[in-house]
Protein chains: 2
Amino acid sequence: MLVEKSTTFNCATIYPSLCIRVDADIGTTITMNVAEFRKRGKEMVDYVADYMEGIHRRQVYPDVEPGYLRPLIPDSAPQEPETFENIMKDIEQIIMPGVTHWHSPYFFAYFPTASSYPAMLADMLSGAIGCIGFSWIASPACTELETVMLDWLGKMINLPEAFLAGRDGEGGGVIQGSASEATLVTLLAARTKVIRQLQAKSPGLTEGAIMDKLVAYASDQSHSSVERAGLIGGVKLKMIPSDDKFSLRGSALRKILDEDKAAGLIPFFVVATLGTTPCCSFDNLLELGPICNKENIWMHIDAAYAGSAFICPEFRHFLNGVEFADSYNFNPHKWLLVNFDCSAMWVKKRADLIGAFKLDPLYLQHHNQESGLVTDYRHWQIPLGRRFRSLKMWFVFRMYGVKGLQAYIRKHVKLSHEFESLVRQDSRFEICAEVVLGLVCFRIKGSNELNEMLLERINKAKKIHLVPCHLQDKFVLRFAICSRTVESIHIQQAWQHITELAAELLKEGKEQKMN
Amino acid sequence: MLVEKSTTFNCATIYPSLCIRVDADIGTTITMNVAEFRKRGKEMVDYVADYMEGIHRRQVYPDVEPGYLRPLIPDSAPQEPETFENIMKDIEQIIMPGVTHWHSPYFFAYFPTASSYPAMLADMLSGAIGCIGFSWIASPACTELETVMLDWLGKMINLPEAFLAGRDGEGGGVIQGSASEATLVTLLAARTKVIRQLQAKSPGLTEGAIMDKLVAYASDQSHSSVERAGLIGGVKLKMIPSDDKFSLRGSALRKILDEDKAAGLIPFFVVATLGTTPCCSFDNLLELGPICNKENIWMHIDAAYAGSAFICPEFRHFLNGVEFADSYNFNPHKWLLVNFDCSAMWVKKRADLIGAFKLDPLYLQHHNQESGLVTDYRHWQIPLGRRFRSLKMWFVFRMYGVKGLQAYIRKHVKLSHEFESLVRQDSRFEICAEVVLGLVCFRIKGSNELNEMLLERINKAKKIHLVPCHLQDKFVLRFAICSRTVESIHIQQAWQHITELAAELLKEGKEQKMN
């Protein structure tokens with residue numbers, strides 16, 4: 001631990017050039033000065049590189065039991081500073097044994113979370129700049145790069161012009177922390193819009209009376225965050241049955257809209273999902289969109305996982321119908337190599353968002369804010385503060401190039417089809433939903449109990465990690481291509497491992513029957 | 001740009017040890033492999049160190065006009081990868097000219113945002129682990145370190161035992177992204193609680209009918225995010241006049257509660273602020289708390305900025321009365337050297353939070369979740385995903401030690417009193433609110449117009465950066481001690497600069513009167 005006396009201000013004489021160099025942290029002691037940071041920072045870069053390089057050797061899923069960590073560390077913070085070496089020692093001894101390694105090539109659970117070296121480099125820079133970009137003036141570069149990066153990304157997926165900010169558009173993009181926030185923010189904007197419209201017509205109507213009648217819709221395959229947005233927004237959220245391909249169809253929406261309107265309810269918001277969490281199915285935008293437009297219902301599209309694939313022309317057709325939507329969201333932090341958090345959201349009319357949230361205390365006002373060119377992103381989101389996250393997009397887009405990103409998506413899709421084909425070659429197993437992108441839903445032909453036991457054995461063996469889902473009352477295993485470094489060999493190993501565990505299970509079952 | 005052929009899988013033969021080393025990113029090309037990351041990561045560490053070391057030489061506040069950035073970069077993402085060198089060149093040429101340097105020792109605007117080398121190191125590690133810790137199993141270390149760090153921090157500020165998780169407590173802490181989210185989450189929890197209570201008594205009552213009557217309260221000095229939480233939650237939020245010291249008092253709350261209850265409204269939520277944004281005033285917890293408890297009103301305390309100071313025994317008395325609160329929040333990412341985002345929030349009864357948000361789809365369920373030791377933080381917050389942010393707290397608390405952190409707070413408070421004393425020595429100026437922590441509210445004795453002109457000149461000169469506030473119709477300048485590296489010399493320079501500009505202004509005013 002480096003402790004130095006406070007630096008003397010030897011530049012003080014050259015004021016007024018305002019050039020004073022001060023390293024002193026806290027008056028008389030320096031906990032970590034810049035020289036120490038240079039040293040430790042480089043050590044950390046090597047630690048990170050070693051971690052990424054050796055991650056396939058770590059057990060993907062930890063052995064620890066709940067409560068493992070507390071006994072390993074002191075009950076309270078130390079009074080005196082500790083050394084960096086001590087802390088780094090504890091990383092391997094205390095932290096790593098409890099880490100689920102999301103970037104291991106043996107991690108096939110949930111959906112991917114993005115990780116790439118360019119994004120990590122950008123995040124280091126973002127941490128150093130450390131601006132809180134809630135308004136344009138609080139750091140113009142932070143706001144403006146974000147607007148332009150969302151335009152870049154919008155063009156990469158061929159989003160209709162109306163969603164782009166451009167130089168004088170009414171729409172535009174913003175980085176949210178997560179798809180949950182995007183759904184919530186758009187639901188709230190839609191709620192505000194419809195309440196204002198109804199109160200304009202009938203000034204006597206209270207907000208509560210309207211909210212009692214408001215109803216939002218999503219497919220029964222939609223993410224739990226959609227239901228949560230309804231809870232938070234204080235409105236009904238109805239789950240509409242999807243069809244046999246787990247897709248929400250226009251006819252199903254039409255039916256419930258007619259029923260609800262007849263019952264005096266006020267439909268105002270529909271979430272269509274592209275790439276559902278259970279099985280990566282796609283709602284039918286071309287059927288849903290015209291209905292929403294006709295009924296004056298805000299259509300939000302949640303493509304959290306699948307959205308990244310739309311940078312490939314061969315997958316772009318899933319997004320057809322986005323022209324009917326009011327807002328669109330997907331997570332580059334899932335599948336586009338931009339580390340968490342970076343959820344991209346676009347709206348056609350930014351005034352709808354801003355109108356729902358704008359409050360302007362004096363300490364947050366600034367001269368430029370009435371200019372059409374100025375975006376104050378605090379009006380677009382739940383929190384006030386925000387990090388300089390667009391740097392990650394800028395680094396990743398430029399260092400991979402669109403072609404590199406497309407190649408990355410295609411590699412994952414190819415690997416999922418490889419796994420699918422292994423499953424299909426084994427008559428003991430079945431594929432449970434069409435494999436379109438990087439997710440394979442499969443199961444042993446047999447009871448749910450059998451499949452639950454298989455999953456339990458997989459996750460107890462801890463060589464790979466999977467999570468399940470339910471599809472039409474069937475307990476199904478989800479095999480998601482996740483890691484940046486996953487290759488064909490890992491898929492083959494995983495399948496061999498799964499079939500070995502399945503064979504054991506099936507053998508035990510037969511033996512039990514015989515006894 | 002390094003482009004290599006795909007690595008051959010030369011370890012494949014040693015399966016089943018599951019040891020395959022793969023660097024190949026996207027099949028046939030590597031955009032940035034681990035060797036390149038080691039090199040570029042170390043260059044970035046030096047860039048960051050250079051930036052921090054030389055930040056006092058950069059103009060604190062940028063010269064750019066709205067829309068400056070778009071013409072400087074291409075209209076769309078490149079198809080082919082670009083080099084790291086190109087990107088780094090653009091950082092200085094395109095990004096830095098548009099950055100407001102929040103960590104410059106000449107930045108005195110808003111409130112501080114934290115920055116320290118230990119936090120930056122921890123963030124590098126967090127980015128590499130890159131787990132999404134929404135549930136215990138999604139990364140046990142991520143969840144458990146957070147719970148213990150919030151206990152550490154709670155003990156540092158001597159928070160009542162009821163707020164700590166401990167081994168079997170009913171309370172506990174969580175890291176939110178911002179104080180705005182903490183206020184929103186607690187308001188929603190309080191809303192759910194009161195709605196359930198009322199519906200249990202009167203099952204016929206609709207949610208909308210109840211929400212029309214719900215009313216929350218905060219001081220007229222509270223942050224705009226409180227009003228926003230009311231908007232989002234769909235409930236009335238009333239701003240109660242504060243006293244002549246900008247403090248919300250029990251008598252004022254009592255009065256409006258009586259009026260509102262007589263009018264049939266249902267008070268359910270009070271936000272007390274410790275360290276208001278305009279002038280760092282403190283609401284009177286010891287008066288407000290017993291009223292809230294008696295009236296069955298959820299009391300949330302927002303100490304976003306001031307809360308860090310409570311680690312010093314001499315400032316802890318401001319928190320007296322927290323024992324009456326249901327939830328408490330402050331931002332270590334403001335003043336406790338933990339880089340954004342890291343907003344610490346505690347609740348006495350975590351069941352109240354979880355009850356408001358819990359939804360459990362199969363793909364997020366896990367075996368351990370019913371154990372009392374398991375915390376699934378996704379039920380505590382708006383987003384689902386979350387970064388491994390507690391590492392930042394762990395690094396900072398250990399590398400500074402409590403004493404180092406206390407010294408840091410005390411240094412800032414000393415500097416604000418130094419500035420206060422400079423203002424008080426100049427009879428042309430007045431101090432507008434008691435200086436308690438790191439904020440000085442001051443103005444020229446005279447009209448609001450004069451002070452607006454002074455601020456405009458300060459922010460045009462761009463040697464220092466300030467923002468204003470209104471205090472009882474007076475336009476006031478806020479001088480906040482912000483930077484980790486700010487020293488007495490910067491305060492003196494800032495004051496000399498301000499008085500020079502003020503003198504010019506006053507001279508011009510006199511000359512105009514004479515003409």
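The sequence lines fix the lettering, A, B, ..., with proteins before strands; numbering per chain opens at 1. Being a predicted model, the structure only gives us computed values, none of them experimental.
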Q | B/Arg398 bridged to A/Glu80 by N-O distance under 4.0 Å | A | no

(Q) Less than 4.5 Å apart, side chain to side chain, heavy atoms only: is that true for A/Trp152 and B/Pro74? (A) yes

**Q.** Heavy-atom pair count under 4.5 Å with chain B, highest-scoring of A/Ser180, A/Pro78, A/Gly127
**A.** A/Pro78

Q | Heavy-atom pairs under 4.5 Å with chain A, option from B/Ile94, B/Asp123, B/Leu145, B/Asn86 with the top count | A | B/Leu145

Q) In terms of heavy-atom pairs under 4.5 Å, which option from A/Ile232, A/Ile382, A/Asn339 contacts chain B the most? A) A/Ile232

Q: For each of A/Ser115, A/Ala209, A/Ala114, A/Gly130, tally heavy-atom pairs with chain B at distances under 4.5 Å, and name the one with the top tally.
A: A/Gly130

(Q) Testing the basics here: between A/Gly234 and B/Glu207, what is the closest heavy-atom pair and its distance to 0.1 Å? (A) CA-OE2, 3.5 Å

**Q.** Taking every non-hydrogen atom, the tightest pair across B/Arg191 and A/Leu231
**A.** NH2-O, 2.8 Å

Q.
Tell me the closest heavy-atom pair linking A/Arg38 and B/Asp46, and the distance in Å.
A. NH1-OD1, 3.0 Å

Q | Structural part of B/Phe340 lying under 4.5 Å from a heavy atom of chain A | A | both

Q: Measure B/Phe475 against the heavy atoms of chain A and call it side chain, backbone, both or neither at under 4.5 Å.
A: side chain

**Q.** Heavy-atom closest pair, residues A/Tyr400 and B/Pro81
**A.** O-CG, 3.2 Å

Q | Per-residue contact mode, B/His470 against chain A (heavy atom under 4.5 angstrom) | A | both

(Q) With a 4.5 Å cut-off on side-chain heavy atoms, are B/Arg70 and A/Asp151 touching? (A) yes

Q. Are A/Leu384 and B/His223 side-chain neighbours, meaning at least one heavy-atom pair lies under 4.5 Å?
A. yes

Q.
My understanding is that only residues two or more places apart in sequence, or in another chain, count here; which of them pass side chain to side chain contact (heavy atoms under 4.5 Å, CB included) with B/Thr100?
A. A/Ser139, A/Pro140, B/Tyr61, B/Pro62, B/Trp102, B/Phe107, B/His465

Q.
Quick check: closest heavy atoms across B/Met120 and A/Phe37, and the distance to 0.1 Å?
A. CB-CE1, 4.3 Å

**Q.** Shortest non-hydrogen contact from B/Ile129 toward A/His103
**A.** O-CD2, 3.2 Å

**Q.** pair B/Tyr117-A/Arg40: side-chain heavy atoms closer than 4.5 Å
**A.** no

Q. Does any heavy atom of chain B fall under 4.5 Å from the side chain of A/Ala356, the backbone, both, or neither of them?
A. backbone

